[in-house]
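Read through the structure below, which is laid out as structure tokens, and then see the notes.
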Amino acid sequence: MLVLSRRSNESIVIGGDVVVTILEIRGDQVRLGIDAPRSVTVHREEVHAEIQRANQSAAAVSSADLGRLPRAPRSD
């Protein structure tokens, strides 16, 4: 893990097109501003983990699920 020190209004650049700026430091909280292309998704870690869990659950297929699928017509 790379660890950097930044002050308020200082930034880091990730991959040339993502800029993370420290907006405010208040007690034990830091406010970040993230400027990234629309193609880059940005989520809090707990939101990202929930999305991953939901995607894995949706992708899980059981044999019972397969039995409910309609049969394709034969093409003779």
Side-chain angles (χ1 to χ4, degrees):
M1 174 187 303
L2 173 65
V3 178
L4 302 171
S5 296
R6 299 277 73 202
R7 289 190 169 95
S8 201
N9 296 316
E10 293 182 336
S11 301
I12 61 169
V13 179
I14 302 171
D17 58 354
V18 177
V19 178
V20 179
T21 303
I22 307 302
L23 299 177
E24 180 181 16
I25 303 168
R26 186 183 305 169
D28 64 347
Q29 287 192 333
V30 177
R31 291 187 63 213
L32 302 173
I34 302 167
D35 185 13
R38 288 190 178 272
S39 61
V40 175
T41 59
V42 178
H43 297 290
R44 294 187 323 262
E45 182 180 25
E46 63 275 15
V47 172
H48 176 74
E50 181 57 35
I51 291 169
Q52 294 297 94
R53 279 192 292 275
N55 286 343
Q56 288 173 353
S57 175
V61 177
S62 72
S63 58
D65 294 329
L66 294 176
R68 288 193 290 256
L69 291 174
R71 293 194 180 267
R74 288 188 167 198
S75 58
D76 294 325

In this structure, are over 12 heavy atoms from other groups packed under 6.0 Å from His48 atom NE2?
no
Exercise: identify the closest heavy-atom pair between Arg6 and Ser11:
NH1-O, 3.2 Å
Do the side chains of Ile22 and Val30 get nearer than 4.5 Å, heavy atoms only?
yes
Identified side chain to side chain contact (heavy atoms under 4.5 Å, CB included) counterpart of Glu50 within the set Gln52, Glu46, Arg53:
Arg53
Drop me the distance from Ile14's CD1 to Leu2's CG, to the nearest 0.5 angstrom.
9.0 Å
What one should report as the nearest heavy-atom pair of Asn9 and Leu23 is OD1-O, 4.4 Å
Same hydrophobic cluster for Ile34 and Ile12, using side-chain heavy-atom links shorter than 4.5 Å among ILVMFWY?
yes
Is it true that Leu4 and Ile25 fall in one hydrophobic cluster, defined by side-chain heavy atoms closer than 4.5 Å?
yes
By side chain to side chain donor-acceptor pair (under 3.5 Å) - contacts of Glu10 (at least two apart)
none
